[in-house]
Amino acid sequence: MAQGDSNAQRYSAIYAVIRAIPRGKVMTYGQVAELASIPRGHRMVATALRNSDPTMKLPWQRVVAKRDRLRARIAIVDDRGAMRQRRLLQKEGVRFERDGSIRLHLFAWIPPDA
DNA sequence: CAGGTGACTCTTT
DNA sequence: GAAAGAGCCACCT
């Protein structure tokens, strides 16, 4: 992706990256942005997800917020949404720590070509 | 044009 | 390790 690309193109790239995350794996907002060739685009990834609708059939639950070097967390503020995401992830094998964090070295997806 | 806002992230207290 | 500040960028008032 280049600098002058339209936002529509960037959103498409973002959705494509998210769709490529395999079951049982997660990716941080920043990682998604970077892979979609949008440096510092983590905010845009959040916007893209917020504006997405169910008909896209995106594995939105696999996008998580980076917490520190080793752990990630669910970004949704709303408790219902957060629990829903957590349940979906657990159903596909992602394990949560007692403090609600996800260990990245276990569940972060490292794309083969990156 | 001028703020305010967020499903973000990093640094500094 | 919590809290605060700053940087970020598309969107909406």
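Letters go in sequence order (proteins before strands), and every chain restarts at 1.
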Measure from the side-chain heavy atoms of A:Asn7 and tell me the nearest of C:dC11, B:dA7, B:dT9. C:dC11
C:dC9 base / A:Arg43 side chain donor-acceptor hit below 3.5 Å: no
Between A:Ile38 (CD1) and C:dC8 (C1'), how many Å, whole number? 13 Å
Atom-to-atom span, CZ of A:Arg67 to C1' of C:dA2 - whole angstrom: 11 Å
If the cut-off is 4.0 Å, is A:Lys66 near the phosphate of B:dC10, judged by side-chain N/O to OP1 or OP2? yes
Nearest-Å distance for atom pair CD/C1', residues A:Gln31 and B:dC10: 16 Å
Does A:Arg10 have a side-chain nitrogen or oxygen under 4.0 Å from the phosphate oxygens OP1 or OP2 of C:dA10? yes
Calculate, to the nearest 0.5 Å, the distance between atoms NZ and CG belonging to A:Lys25 and A:Leu106 respectively. 7.5 Å
Have a look at A:Arg40 and say if it touches a base, only the backbone sugar-phosphate, or nothing, with a 4.0 Å heavy-atom cut-off. sugar-phosphate
note: A:Ile18, atom CD1; B:dA7, atom P; distance rounded to Å ~ 15 Å
To the closest 0.5 Å, what do you measure between OG1 (A:Thr28) and CD (A:Glu34)? 8.5 Å
Within the structure, does a side-chain N or O atom of A:Tyr29 lie under 4.0 Å from either OP1 or OP2 of C:dC8? no
Distance check needed: B:dT9 P versus A:Met44 CE, whole Å only. 15 Å
Length of the line joining A:Arg80:CZ and B:dA7:P, which is rounded to integer Å: 17 Å
Rounded to whole angstroms, how far apart are CZ on A:Arg84 and C1' on B:dA7? 12 Å
With the side chain counted from C-beta on, respond yes when A:Met27 and A:Arg62 share a heavy-atom pair under 4.5 Å apart, and no when they do not. no
Nearest-neighbour nucleotide for the A:Thr47 side chain, B:dG6, B:dA7, B:dT9 considered: B:dG6
With a 4.5 Å heavy-atom cut-off, do A:Arg80 and A:Arg84 have their side chains touching? no
Contact check, side chains of A:Asp99 and A:Arg67, non-hydrogen atoms, under 4.5 Å: yes
What integer distance in Å separates A:Met56:CE from B:dA7:C1'? 15 Å
Select base, sugar-phosphate, or nothing to describe what A:Asn51 touches, counting heavy atoms under 4.0 Å on all strands. nothing
